[in-house]
**Student:** 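The structure's right below; bear with me while I get my questions together.
Within every chain, numbering begins at 1; the chains are lettered A, B, ... in the order of the sequence lines, protein sequences first and strands thereafter.
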Amino acid sequence: MWWRRGSAVTDVLVIGAGPAGLAAALAARQAGAGVVLLDASDQTGGQYWRHPPGDPGADEELRGSLTADPGCEIVTSAQVWAVGRREGAPPSVHVLVGPADGDGRSARVLNPRALVLATGAHERTLPFPGWDLPGVVTAGAAQAMAKGERVAVGRRVLIAGAGPFLLPVASSLLRLGVQVAGVVEAGGWARLARGWSQRPRELLSVRGKAAELAGYAWELARHSVPYRTGSAVVAAHGTDRVTAVTVARLDQDWKPQPGTERWVAVDAVCVSHGFVPRTELGLASGCAAGPDGALVVDEAQRTTVPGVYAAGEVTGIGGADLALAEGAVAGRCAAGAAATSAQLLQRAVHRRFAARLEAAHGIRPGWTAWVTDDTTVCRCEEVTAGELRGVLADTGTRGLRSLKLTSRAGLGACQGRMCGRSVEDLMRQAVPGGPLDPGRTEARPIAVPVRLGEISTEGIP
Amino acid sequence: MSAGPTDLRDAEVIVVGAGIVGAAVARALALAGARVMVLDRGASAGGTSAAGEGNLLVSDKGPGAELDLAVLSRRLWQKVAEELPAELGPRFPGLEFEAKGGLVVATTATGADTLLSFAAEQRAAGMDARPLATADAAALEPDLTPAREAAVFYPEDAQVQPVAATEALLASARRHGAQVRQGVTVLGGIRAGHVLRGVATSGGELRADHVIIAAGPWSADVAATFGVALPVRPRRGTILVTTRMPPRIRHKVYDADYVGAVGSGSAELQTSAVVESTAAGTVLIGSSREQRGFDERIEPAVLAELAAKAIRLFPFLAQAAVLRAYGGFRPFVPDHLPVIGPDPRLSGLWHATGHEGAGIGLSVGTADVLRDLMTGAEPAVAADPFAVDRAALRAYTEGTA
Amino acid sequence: MMGAPLTVTVDGEPVPGVAGQTIAGLLLARGRLAWRETGRTGRPRGLFCGIGVCFDCLVVVNGLRDVRACQRRAVDGDVVETGISGD
């Protein structure tokens with residue numbers, strides 16, 4: 001991928017080349033803007049369109065038209081590590097281009113007229129005893145390995161958590177010849193049915209989705225893979241790696257019901273309870289986030305910072321189709337045009353679908369009942385739930401910041417991405433009134449670790 | 001002008017600010033028998049106390065009032081660092097107190113001259129400041145840049161985990177009867193003439209015999225609600241934190257131009273390398289100074305300068321991965337001395353603020369001095385230089401806010 | 001298509017792979033689930049999130065610490081050391 005060293009000002013800079021970003025880049029080009037599209041990976045497609053390098057992926061069509069277009073520069077292996085906020089304008093964007101976590105990557109600063117944040121989401125996996133054993137991975141990890149490298153995480157695998165994402169992961173593993181021991185969904189049957197069957201007319205407009213789900217259901221049935229609702233993995237067992245899990249039934253609020261535990265032998269477990277939008281660049285740019293933690297946008301996908309747009313999962317978890325629709329609106333508006341009625345309709349249709357996801361599969365507070373004092377909550381710093389509860393009791397603080405600095409939860413390499421929301425949930429339970437500084441874990445002015453030499457004034461050409 | 005001797009036993013005292021200074025004051029007064037309530041509009045240790053490195057320094061201070069307070073405070077810290085864990089038990093988050101010593105390094109010839117004459121002044125005032133030969137500096141810090149012109153070692157510099165220290169002081173204060181209320185904003189004083197009788201807060205009215213403003217850079221705003229002007233303003237600082245690594249930096253190490261930066265009145269960005277390891281294995285890299293109000297933006301340009309200066313001191317850091325950056329607001333006063341003592345404009349109002357970048361280190365000494373001023377005892381260091389109505393501040397404090 | 005064969009050295013042992021594999025994928029394909037020990041309790045870790053946000057999968061590549069194995073494509077001749085990142 002070549003890098004044009006030309007103009008210092010870019011018309012539209014899109015960060016993230018998943019569905020939302022690719023759609024935004026295309027729409028911005030179609031509206032006449034010059035576009036630079038960045039992605040941290042060496043492949044476009046984001047997490048959704050994963051394929052081995054060199055393989056045509058499902059994003060091939062979108063990407064192909066952009067690659068062939070001299071008005072659009074695609075830069076992969078481009079890590080945006082910081083933004084420089086500017087009053088009433090999009091921030092300057094600071095990038096390092098080179099192999100992931102490398103040294104001596106080339107540093108560039110971009111000054112866009114309009115910025116589109118399409119940074120997507122990562123999974124949220126709720127902690128449970130044994131979740132830090134090797135072989136316990138997120139559903140996304142299993143998917144990334146299966147689709148991106150044709151490698152299976154295990155031979156006899158259980159998939160658990162919440163949300164329709166569990167199904168395509170099961171499918172990918174089955175196609176690799178893996179024995180899928182089961183798919184375990186925390187949402188109860190009644191809640192799932194309510195979420196999915198409400199206003200059935202709306203589902204007509206997302207017929208493709210229904211067909212897709214039916215396809216997965218058939219695949220599971222064909223391979224005799226049990227699909228259990230209202231259940232969760234409440235413990236993983238093993239010494240150096242996972243060898244079995246305990247699955248229990250949950251009540252409506254996700255509290256495990258005693259006496260319903262079952263033992264399932266596995267050599268890998270893929271767990272995902274939903275997604276967390278990757279908002280750090282938005283927050284560093286000064287964008288407001290909503291109570292769900294996602295970036296707040298208006299009808300034109302504008303954030304609260306002039307010139308900064310956001311599309312896709314970063315504005316709220318809603319799936320790839322909504323991401324494409326939002327990306328198109330964002331790209332067009334970032335280029336200075338108004339969204340077309342077709343674009344607005346697409347987005348409306350897929351928004352309604354997204355709302356069902358939360359209603360059907362959203363995390364319920366009873367999960368903390370399966371966390372014991374010994375359960376690791378912060379993986380990086382190995383802080384247990386008992387230690388967190390102890391620090392809260394001993395200090396009496398109502399601050400997440402204080403809790404972080406005294407317990408070390410969230411101070412490790414992942415900077416609270418894996419544990420932040422869980423720590424907050426646990427604190428909300430333990431402290432009357434909850435934290436006075438909610439949501440602060442998501443603020444990360446340095447978006448990814450970078451080498452000091454790469455960002456030093458003396459390193460910048 | 002002073003408030004006169006007071007028996008603090010059962011006196012109702014309100015401390016505004018649950019940062020390190022407020023915490024230290026709360027503990028000292030609770031130990032003296034007062035009924036203390038600490039109020040903070042946010043969470044405990046939620047302000048500047050969470051934004052520093054945890055410096056307990058004597059090395060950056062020339063002979064004068066601040067150095068005297070720093071020496072007292074350093075001595076008290078040694079005691080407090082032992083008392084607190086003994087009192088609070090092994091489960092309480094560790095203070096990570098480390099008397100590691102500080103090494104000040106000059107990388108230019110002019111810097112070397114300034115450093116060595118400064119060290120000579122400090123030695124004349126009784127400080128342990130040891131100029132080192134190149135070989136000795138290398139023994140102390142093998143990975144230090146060879147391009148150094150002079151180095152001085154200060155064995156008395158120390159380190160503490162500032163948030164753990166703040167929470168420990170608060171916890172100890174609670175054990176001696178203090179209350180801490182978080183999420184409560186002070187709206188103003190309740191007066192009877194020129195005497196303070198209590199405070200109005202977002203949670204209702206509270207009676208008080210004494211109110212102490214220990215709100216760091218927000219102290220001016222708090223003071224304004226009491227009708228008095230207090231020239232404390234924010235001075236922004238930024239710190240970088242690396243991933244954990246095998247320990248290669250053994251002391252606090254900083255560039256000799258640090259002293260110039262601290263004492264400067266300039267509003268422009270000034271950076272000066274301060275590098276040290278923590279007990280957790282990360283490396284902290286500072287420091288920057290800038291006057292930009294309460295603007296919380298982290299600027300890549302500032303990070304770039306900090307990175308460059310850190311690498312200049314320790315070339316191996318070029319490969320270190322920096323994980324996070326955070327910033328805070330030091331409470332600075334125009335003459336760079338804290339404000340400690342009674343407010344003559346309003347009887348019952350006291351100040352314990354304006355510590356700029358030295359709040360962690362000076363906290364326990366400040367508490368000691370303030371307690372003595374309140375009880376009419378002779379403080380261990382002369383308190384006049386810290387008075388709110390000192391000559392250098394008169395232009396700011398004359399009249400009401 | 002996954003590409004040309006390559007060899008990387010992992011803890012001194014030559015390990016074959018193909019171009020396009022990440023270091024994590026290469027290790028996983030060899031049946032390795034863990035390649036790092038945690039700092040506090042020395043427990044084994046390897047792949048967790050697979051997308052570069054959890055920082056559990058860190059390895060040392062060509063002398064450089066703190067490299068996410070799941071984000072780094074294997075290059076012929078890479079020298080990978082496990083078990084010592086994250087200290």
**Student:** Supply the atom-to-atom distance A:S456 OG to B:L306 CG, rounded to the nearest 0.5 angstrom.
**Tutor:** 10.5 Å

**Student:** Against chain B, work out which of A:A447, A:G399, A:P445 has the most heavy-atom pairs shorter than 4.5 Å and name it.
**Tutor:** A:P445

**Student:** Is the count of non-hydrogen atoms from other residues, nucleotides or ligands lying under 6.0 Å from B:Q291 atom CD greater than 12?
**Tutor:** yes

**Student:** Given side chains that start at C-beta, do those of A:L436 and B:R41 come closer than 4.5 Å, heavy atoms only?
**Tutor:** no

**Student:** Looking at A:T395, is its backbone amide N or carbonyl O close enough to the side chain of B:R174 to form a donor-acceptor pair, meaning the two atoms are under 3.5 Å apart?
**Tutor:** yes

**Student:** Can you tell me how far apart CD (A:E87) and CZ (B:R297) are? Round to the nearest 0.5 Å.
**Tutor:** 5.0 Å

**Student:** What's the separation between atom CZ in A:R408 and atom OG1 in B:T282, rounded to the nearest 0.5 Å?
**Tutor:** 6.0 Å

**Student:** Which heavy atom of B:A43 sits nearest to which heavy atom of A:T397, and what is that distance?
**Tutor:** CB-OG1, 4.4 Å

**Student:** Which bit of A:R444 is near chain B, if near means a heavy-atom gap under 4.5 Å: side chain, backbone, both or neither?
**Tutor:** neither

**Student:** Name the option with the most non-hydrogen atom pairs under 4.5 Å to chain A; the candidates are B:A310, B:G183, B:A50, B:G42.
**Tutor:** B:A50

**Student:** Would you find a donor on one side and an acceptor on the other, under 3.5 Å apart, between the side chain of B:E167 and the backbone of A:D394?
**Tutor:** no

**Student:** Chain B: which of A:G390, A:G84, A:G412, A:A82 shares the most heavy-atom pairs with it under 4.5 Å?
**Tutor:** A:G390

**Student:** Would you please test A:L411 and B:V241 for side-chain contact (heavy atoms from CB on, under 4.5 Å) and show each step?
**Tutor:** CA-CA 10 Å; A:L411 281 183; B:V241 187; over 6 Å; no

**Student:** Please tell me if the side chains of B:L323 and A:I446 come closer than 4.5 Å, counting only heavy atoms from C-beta onward.
**Tutor:** no

**Student:** Could you tell me which non-hydrogen atom of B:G46 sits nearest to which non-hydrogen atom of A:R401, and how far apart they are?
**Tutor:** O-NH1, 3.1 Å

**Student:** Select, from A:G104, A:P435, A:S407, A:A413, the one with the greatest count of heavy-atom pairs under 4.5 Å involving chain B.
**Tutor:** A:A413

**Student:** For B:I311, is it the side chain, the backbone, both or neither that has a heavy atom under 4.5 Å from a heavy atom of chain A?
**Tutor:** side chain

**Student:** So for B:L88, is it side chain, backbone, both, or neither that comes closer than 4.5 Å to the heavy atoms of chain A?
**Tutor:** neither

**Student:** Can you tell me if A:R451 uses its side chain to pair, donor with acceptor, with the backbone of B:Q319 under 3.5 Å?
**Tutor:** yes

**Student:** Quick one: does A:L452's side chain get under 4.5 Å of B:L240's, heavy atoms only?
**Tutor:** yes

**Student:** Name the option with the most non-hydrogen atom pairs under 4.5 Å to chain A; the candidates are B:A320, B:A45, B:A164, B:A171.
**Tutor:** B:A320

**Student:** Relative to chain A, which segment of B:A165 carries a heavy atom at a distance below 4.5 Å: side chain, backbone, both, or neither?
**Tutor:** neither

**Student:** Pick whichever of B:V180, B:L303, B:V163 has the most heavy-atom pairs under 4.5 Å with chain A.
**Tutor:** B:V163

**Student:** Quick one: which of B:P300, B:A321, B:G327 has the most heavy-atom pairs under 4.5 Å with chain A, could you say?
**Tutor:** B:P300

**Student:** Could you tell me which portion of A:R86 (side chain, backbone, both or neither) has an atom closer than 4.5 angstrom to a non-hydrogen atom of chain B?
**Tutor:** backbone

**Student:** Below 4.0 angstrom, N of the basic side chain to O of the carboxylate: do B:R244 and A:E381 qualify?
**Tutor:** yes

**Student:** With a 4.5 angstrom heavy-atom cut-off, could you sort out which part of B:Q182 is near chain A: side chain, backbone, both or neither?
**Tutor:** both

